[in-house]
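Reviewing the structure listed below.
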Amino acid sequence: MHTHPYVRVPSFLLSSAGSIIRRTSSCCDQTCSKIARSSDAPAVVACVSTSVASSPSYGGRRVIRMNQGLYDYLLAHTREDQVLRELREETSTMRGSSMQVSPEQGQLLAMLVRLMGARRCIEVGVFTGYSSLAVAMALPDSGYLVACETDQVSLSIAKKYYERAGVSQKVDIRLGFAIDTLKTLLNNGEGNSYDFAFIDADKRSYNDYYELLLKLVRPSGLIAIDNVLWGGRVADLQETDHKTESLRRLNEFILHDTRVDLSMVPIGDGLALCRKRDT
């Protein structure tokens with residue numbers, strides 16, 4: 001059983017909060033804080049779970065686990081442009097709406113594009129366009145985004161919001177199989193010319209997308225791969241479906257791929273960030 005030390009609370013916080021009660025649940029390792037702001041105000045209860053690595057070599061470092069209340073807090077502190085919010089809300093009424101990236105993911109992708117000063121990008125798997133719209137809005141006026149998608153219905157929604165956001169001129173929509181589009185780009189001499197790529201499409205083809213994009217992205221360019229944690233199924237050895245197995249193989253392959261620097265980020269459904277090395 002893990003125990004949690006009591007935390008000394010500053011006097012100014014005690015005076016405003018009233019009282020803080022911390023307790024630990026031995027069955028689920030969940031720390032709960034109950035804050036009563038005043039005698040006539042309702043109590044605010046915040047329960048936050050943490051995880052710790054099974055190996056003691058990590059020093060017992062705890063990482064936070066996202067529960068509903070904390071995720072709502074995160075969303076409330078995520079900047080989301082109005083046109084993105086409208087697209088998200090329209091998509092939420094559609095079948096397959098869970099394929100849409102989350103607002104905090106879209107915010108991160110846009111931040112990465114801005115930090116890199118990216119001008120040329122590729123997205124594999126557009127759906128209704130939330131992530132591609134976030135990227136296109138982050139690109140400069142001269143920016144260029146190749147958007148690969150096979151479904152014309154979802155693309156019609158994406159196009160509507162590209163126009164509404166005033167970024168249609170930045171987006172080159174490619175209707176058809178992404179592998180064919182990526183090979184065409186390479187055959188056109190566009191290797192090593194893209195700054196950023198995002199993969200969020202058929203999981204069984206992730207390895208093919210990755211290899212083609214490594215040829216298209218320039219040295220120091222970035223490939224972001226969505227769904228690498230796959231709802232936790234990648235860590236459950238009883239899950240043996242084709243998509244899960246494909247993601248496991250990709251994760252293991254990238255871990256040992258000396259062509260890239262890697263950071264796997266537990267945001268959304270898991271995001272692998274692969275920076276193409278200079279040599």
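We number each residue from 1, following the sequence as shown.
Between R249 and F253 there is no side-chain heavy-atom pair separated by less than 4.5 Å. Side-chain contact between V171 and S132: absent, with no pair of heavy atoms (C-beta onward) separated by less than 4.5 Å. The shortest distance between side-chain heavy atoms of L222 and R275 falls below 4.5 Å. For the pair H256/E252, a side-chain contact is recorded, criterion being any heavy-atom separation below 4.5 Å from C-beta on. Within the 4.5 Å cutoff, no side-chain heavy atoms of I122 are placed close to those of V217.
A donor-acceptor contact shorter than 3.5 Å links the side chain of R65 to the backbone of T50. Of the possible polar contacts, one joining the N67 side chain to the L70 backbone as a donor-acceptor pair under 3.5 Å is found. For the pair N188 (side chain) and E190 (backbone), a donor-acceptor distance under 3.5 Å is absent. Using a distance-only test at 3.5 Å, with no hydrogens or angles considered, no donor-acceptor pair links the side chain of S263 to the main chain of L273. Using a distance-only test at 3.5 Å, with no hydrogens or angles considered, a donor-acceptor pair links the side chain of Q107 to the main chain of R79. Side chain of S246 to main chain of K243: no donor-acceptor pair is present (N/O by atom type, distance under 3.5 Å, no hydrogens or angles). Side-chain atoms of N207 never come within 3.5 Å of backbone atoms of L250 as a donor-acceptor pair (strictly under, hydrogens ignored). Looking at D195, its side chain never comes within 3.5 Å of a backbone N or O of C121 through a donor-acceptor pair.
Cluster membership for L145 and Y161, using ILVMFWY side-chain heavy atoms within less than 4.5 angstrom, is shared. When hydrophobic clusters are built by joining Ile, Leu, Val, Met, Phe, Trp and Tyr residues whose side-chain heavy atoms come closer than 4.5 Å, directly or via intermediates, M66 is not grouped with W230. In the hydrophobic cluster analysis, where Ile, Leu, Val, Met, Phe, Trp and Tyr join through side-chain heavy atoms closer than 4.5 angstrom, F196 is grouped apart from I254. Taking hydrophobic clusters as Ile, Leu, Val, Met, Phe, Trp and Tyr residues chained together by side-chain heavy-atom distances below 4.5 Å, I267 does not share a cluster with I199. Following chains of ILVMFWY side-chain contacts shorter than 4.5 Å, one can reach V83 starting from L155, so the two form part of one hydrophobic cluster.
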side-chain contact (heavy atoms from CB on, under 4.5 Å) between R174 and L185, intermediate numbers included: CA-CA 11 Å; R174 303 291 183 99; L185 296 177; 3.9 Å; yes
Step-by-step salt bridge (Lys or Arg N to Asp or Glu O under 4.0 Å) determination, E211 to K215: CA-CA 7 Å; E211 289 294 342; K215 297 176 182 178; over 6 Å; no
Worked check of side-chain contact (heavy atoms from CB on, under 4.5 Å) between V113 and L109: CA-CA 6 Å; V113 167; L109 295 176; 5.7 Å; no
Step-by-step side-chain contact (heavy atoms from CB on, under 4.5 Å) determination, D81 to L133: CA-CA 10 Å; D81 191 274; L133 180 58; over 6 Å; no
Chi angles and distances behind the side-chain contact (heavy atoms from CB on, under 4.5 Å) call for I223, Y209: CA-CA 10 Å; I223 301 173; Y209 301 145; over 6 Å; no
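The shortest non-hydrogen separation linking A224 to L271 is CB-CD1, 4.2 Å. Counting all heavy atoms, side chain and backbone alike, L229 lies closest to P266 at CD1-CA, 4.0 Å. Minimum interatomic distance between T91 and S97 (heavy atoms only, all atoms of both residues): O-CB, 3.1 Å. Smallest separation of non-hydrogen atoms from L212 and K183: CD2-CG, 4.0 Å. In plain terms, the two heavy atoms of T150 and G176 that are nearest each other are CG2-O, 3.3 Å. Between R218 and K276 the shortest heavy-atom distance is O-CD, 3.6 Å.
In this structure, Y71 places its OH atom where more than 12 heavy-atom neighbours from other residues, nucleotides or ligands lie under 6.0 Å away. Heavy atoms from other residues, nucleotides or ligands lying under 6.0 Å from CZ of R204 number 12 at most. Around atom CE of M94, more than 12 heavy atoms belonging to other residues, nucleotides or ligands sit under 6.0 Å away. By the 6.0 Å contact criterion, CZ on R233 is enclosed, its count of non-hydrogen atoms from other residues, nucleotides or ligands being greater than 12. Q152 CD: 12 or fewer foreign heavy atoms inside a 6.0 Å radius.
The pair R248-E245 counts as a salt bridge, with a side-chain nitrogen and a carboxylate oxygen less than 4.0 angstrom apart.
For the atom pair C274 SG and M264 CE, the distance stands at 8.0 Å (nearest 0.5 Å). The distance from the CG atom of N187 to the CG atom of D180 is 10.5 Å, given to the nearest 0.5 Å. Taking CD1 from I173 and CD from E123, the interatomic distance works out to 11.0 Å, rounded to the nearest 0.5 Å. How far OH of Y206 is from CD1 of I225: 7.5 Å, rounded to the nearest 0.5 Å. With values rounded to the nearest 0.5 angstrom, S131 atom OG is found 6.0 Å from D200 atom CG. If you take CZ on F198 and CG on L112, they are separated by 10.5 Å, rounding to the nearest 0.5 Å.
A side chain to side chain contact (heavy atoms under 4.5 Å, CB included) with D269 is found for exactly one of N227, V101, V228, namely N227.
Defined by atom type and a distance below 3.5 Å, a donor-acceptor pair is missing between the side-chain atoms of Y144 and R120. There is a side-chain donor-acceptor pair under 3.5 Å between S102 and E104. Between the side chains of Q68 and D72, a donor-acceptor pair is found at a separation under 3.5 Å. A side-chain donor-acceptor contact under 3.5 Å links D241 and T244. K159 and Y162 are not linked by any side-chain donor-acceptor pair at a separation below 3.5 angstrom, with hydrogens and angles left out of the test.
For S154, the side chain to side chain contact (heavy atoms under 4.5 Å, CB included) partners at least two apart in sequence or on another chain are F127, T128, E149, D151.
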